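Everything numeric in this text was worked out from a predicted model, so none of it was measured. Quick note: numbers below take in every heavy atom, side chains included, and nothing from hydrogens, waters or symmetry partners.
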Amino acid sequence: MSSNSTLSLSSHPKIAFDSYLRKHGVLQTPIFGNCGYCTHLVLLSPSSRRRRCLKLTKLVTRAAATDGGSIRGAAGTRRVYRQSQAAPSSSSLPVKEIVSFVVPAGVFVAITFVLWKLVEKLLIPKSGKSSSMGEKSFSLPGIKWSFAPGTNLSSGLSFTDERDRREKKQKLSDFAKELRAFSDVNMSGLKFGDDGLFFLAESLGYNQVAEEVDFSANDITAAGLKAFDGVLQSNIVLKTLNLSGNRIGDEGAKCLCEILVGNASIQKLQLNSTDVGDEGAKAIAEMLKKNSSLRILELDNNMIDYSGFTSLAGALLENKTIQSLHLNGNYGGALGAAALAKGAEGNKSLRELHLHGNAIGNEGVRALMTGLSAHKGKFTLLDIGNNEIGAKGAFYVAEYIKKSKNLLWLNLYMNDIGDEGAEKIADALKENRTITTVDLGGNNIHAMGVTAIAQVLKDNLVIKSLELGYNPIGPDGAKALAEVLKFHGKIEILKLGWCQIGPKGAEYIADTLKYNTTISTLDLRANGLRDDGAACLARSLRVVNEALTSLDLGFNEIRDKGAYAIAQALKANEDITLTSLNLASNFLTKYGQVALTDARDHVYEMNEKERNYSKT
């Protein structure tokens, strides 16, 4: 029997969080019901109380003639935009407004009320029963607004009579006044369309405190962006604008850029998955030549080809403020990479370049490394994952690594550098003393290649995070890493998921954990550890390890025997520091589940006693 298991050992979610919400009057019924062996811990960050923010995540609308549905994904298999807050829309029913307020003293508010659709030209009068307007006024200072996703705002509201129309328009007006007071406005996935944007943009024109606005996944088109004209020019405090997931296309990009030329406050612009092509990229490039405030530009998962890359590269030669450029999931190819290399060579402000999934190949990476080597600024992050780079391309990357004095983060994920390429990267890392994060996952690296990487860690004390997942390193590769990491290196995050290390490899890793004092996060998912591997790790968990806080053992065919061994180890070690243990997608029955639950409760009680003792 399969079971999803996620344990949080730093606090007891069922008791602590539930009782906390009850204490503050937020919760009337338990939120942790009987849902099998699946624990979800929700933490309220103290920082969430410091700023007034508006996050619409639930808004229930019942309207006549609706046409809901989720937003269609952009064309192409590389479109990976995730609409985390979008959901299917409500069914077609007469309008009924339902508003409920739950207000904790300064923690959070979940508000559900009925609104929407916004322009009179789409309002179709319809006879029927008059809806009662029982909503309360929106005059709650210092609260967080929360609505549920999934409204079909693009279909318009239906009014029963003139009085109904006036009342709803008044509610929209009241809402607009409230919108003017929030510093963080999150309305992603509500599908309010162009008409909704015209209404909301007008409110933002009066808002001189909003620093972040998220209008992603809302069926906004190029025509709707005209609503920003006159608004963004006058707003001097807005710093982040997210329009991702709206099919604005090239025309929308042109319209937005004409407006942003006169904006001096926006520092981060997100246009991911917006169907922007070469013409749109050209318009953005012209805007960059004149704009002096933009620091981060995201254009992931669009349709930008070599021509668009060339335009953006030309803008880099003139722009003096852009620091991070995201072009993941486009069609730059080798020629696009070469063009960007020229732009980067003459730009001093660029710090980060994200080119994941552009099929730049070995020739493209050669040109790119040449340009970055001549870059005069402090370049810190390079993402060239999933770019068909082989061992030859790894050689060019290695040469750049040797020369770089500022690079902190290198991503070569899902290429095909193999053992030969891994050895070249390893040789370069012996000379580099700045890179802290290395991602070599999914590169067909075997035991030979990982052995070369392991030897680097004997002397390199700078690398803190190492991703080697999806490489068939086997137990021999695990042994090579374990022998070095037992007493050397400063690795804090080690990811070995899907590496075919088996129970024998788990034994090597477990032995290392008895001595290693730096590894805090260990990912061993999908390695076929089974009960024998789990038992090896359990023996190490009995030993005091003050570093390890997160252990991921999902997809490992572990059964009750292995789960019981881990549970007993957690109970036996009074000084356990493990706060997160994932056993999702293993073969646990209720016996293994109960054992782990008891262990979690025990650890929670021990931590509570220790905290209480430290207070006395």
Side-chain angles (χ1 to χ4, degrees), residues 1-9 35-40 414 441-447 450 466-482 485 493-514 519 521-543 545 548-573 576 578-600 603:
M1 183 175 81
S2 177
S3 172
N4 290 334
S5 308
T6 303
L7 300 182
S8 180
L9 303 177
C35 56
Y37 194 66
C38 184
T39 301
H40 303 277
M414 285 298 171
N443 268 287
N444 196 30
I445 299 173
H446 297 75
V450 82
L466 179 61
E467 163 72 87
L468 290 170
Y470 296 95
N471 285 302
I473 67 174
D476 291 339
K479 181 180 180 181
L481 274 174
L485 293 178
I493 300 174
L494 180 62
K495 296 185 177 181
L496 299 175
W498 287 268
C499 282
Q500 304 175 19
I501 68 173
K504 193 64 178 177
E507 183 178 349
Y508 297 133
I509 298 296
D511 186 52
T512 295
L513 292 178
K514 295 178 181 178
I519 297 176
T521 299
L522 178 61
D523 182 357
L524 295 176
R525 285 176 295 170
N527 273 294
L529 303 186
R530 301 186 178 88
D531 287 344
D532 290 342
C536 292
L537 292 167
R539 287 192 288 272
S540 293
L541 291 177
R542 290 176 176 269
V543 179
N545 184 321
L548 188 65
T549 60
S550 177
L551 177 61
D552 197 335
L553 299 177
F555 301 94
N556 267 300
E557 304 173 36
I558 298 173
R559 299 179 184 273
D560 290 342
K561 182 179 179 181
Y564 183 78
I566 291 174
Q568 292 301 108
L570 295 176
K571 287 184 176 181
N573 188 346
I576 190 76
L578 196 66
T579 58
S580 176
L581 173 63
N582 179 29
L583 286 163
S585 300
N586 283 292
F587 303 137
L588 307 183
T589 69
K590 63 180 181 181
Y591 300 106
Q593 297 169 15
V594 169
L596 288 169
T597 301
D598 289 344
R600 179 197 63 191
V603 172

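Without hydrogens or angle criteria, Asn586 side chain to Glu557 main chain gives a donor-acceptor distance under 3.5 Å. Under a 3.5 Å cut-off, the side chain of Asp598 and the backbone N or O of Leu596 do not form any donor-acceptor pair. Thr579 contributes a side-chain N or O that, together with a main-chain N or O of Thr549, makes up a donor-acceptor pair within less than 3.5 Å. A donor-acceptor pair under 3.5 Å links the side-chain atoms of Asn556 to the main chain of Leu524, judged by distance alone.
In this structure, Leu485 CG and Ile509 CD1 are separated by 7.5 Å, a value rounded to the nearest 0.5 Å. Atoms CG and CG, from Asn582 and Leu551 in turn, are 9.0 Å apart once rounded to the nearest 0.5 Å. With rounding to the nearest 0.5 Å, the separation of CZ in Arg530 from CZ in Phe587 is 9.0 Å. Expressed to the nearest 0.5 Å, how far CG of Leu553 lies from CG of Leu581 amounts to 6.0 Å. The CG atom of Asp560 sits 3.0 Å away from the OG1 atom of Thr589 when rounded to the nearest 0.5 Å.
The closest side-chain heavy-atom distance from Leu583 to Ile558 is below 4.5 Å. In this structure, Val450 and Asn471 have side chains that are not in contact, with every pair of non-hydrogen atoms separated by 4.5 Å or more. Between Val543 and Asn573, every side-chain heavy-atom pair lies at or beyond the 4.5 Å cut-off. Two residues are said to be in side-chain contact when any heavy atoms from C-beta on lie closer than 4.5 Å; Pro472 and Asn444 meet this criterion.
Across every non-hydrogen atom of Asn443 and Met414, the tightest pair is ND2-N, 4.0 Å. When all heavy atoms of Gly562 and Ala534 are compared, the closest pair comes out as CA-CB, 3.9 Å. Heavy atoms only, all atoms of each residue included: Ala599 and Ala567 are closest at CB-O, 3.6 Å. Taking all atoms of both residues into account, the shortest heavy-atom contact from Leu529 to Leu537 is CD1-CD1, 4.1 Å. Contact detail for Asp531 and Lys561: the closest heavy-atom pair is OD2-CB, 3.4 Å. In plain terms, the two heavy atoms of Asn527 and Cys499 that are nearest each other are OD1-N, 3.0 Å.
Every side-chain contact (heavy atoms from CB on, under 4.5 Å) that Lys504 has, sequence neighbours left out, goes to Pro475, Glu507, Tyr508. Residues satisfying the ring-ring contact (aromatic ring centres under 6.0 Å, His included) test with Tyr470, not counting sequence neighbours, are Trp498. Residues passing the side-chain contact (heavy atoms from CB on, under 4.5 Å) test with Ala569 are Ala538, Leu541, Arg542, sequence neighbours excluded.
Test Asp552, Ile493, Leu548 against Leu522 for side-chain contact (heavy atoms from CB on, under 4.5 Å) and you get one pass: Leu548.
Between Arg525 and Asp523, at least one side-chain N (NZ, or NE/NH1/NH2) sits under 4.0 Å from a carboxylate O, which counts as a salt bridge.
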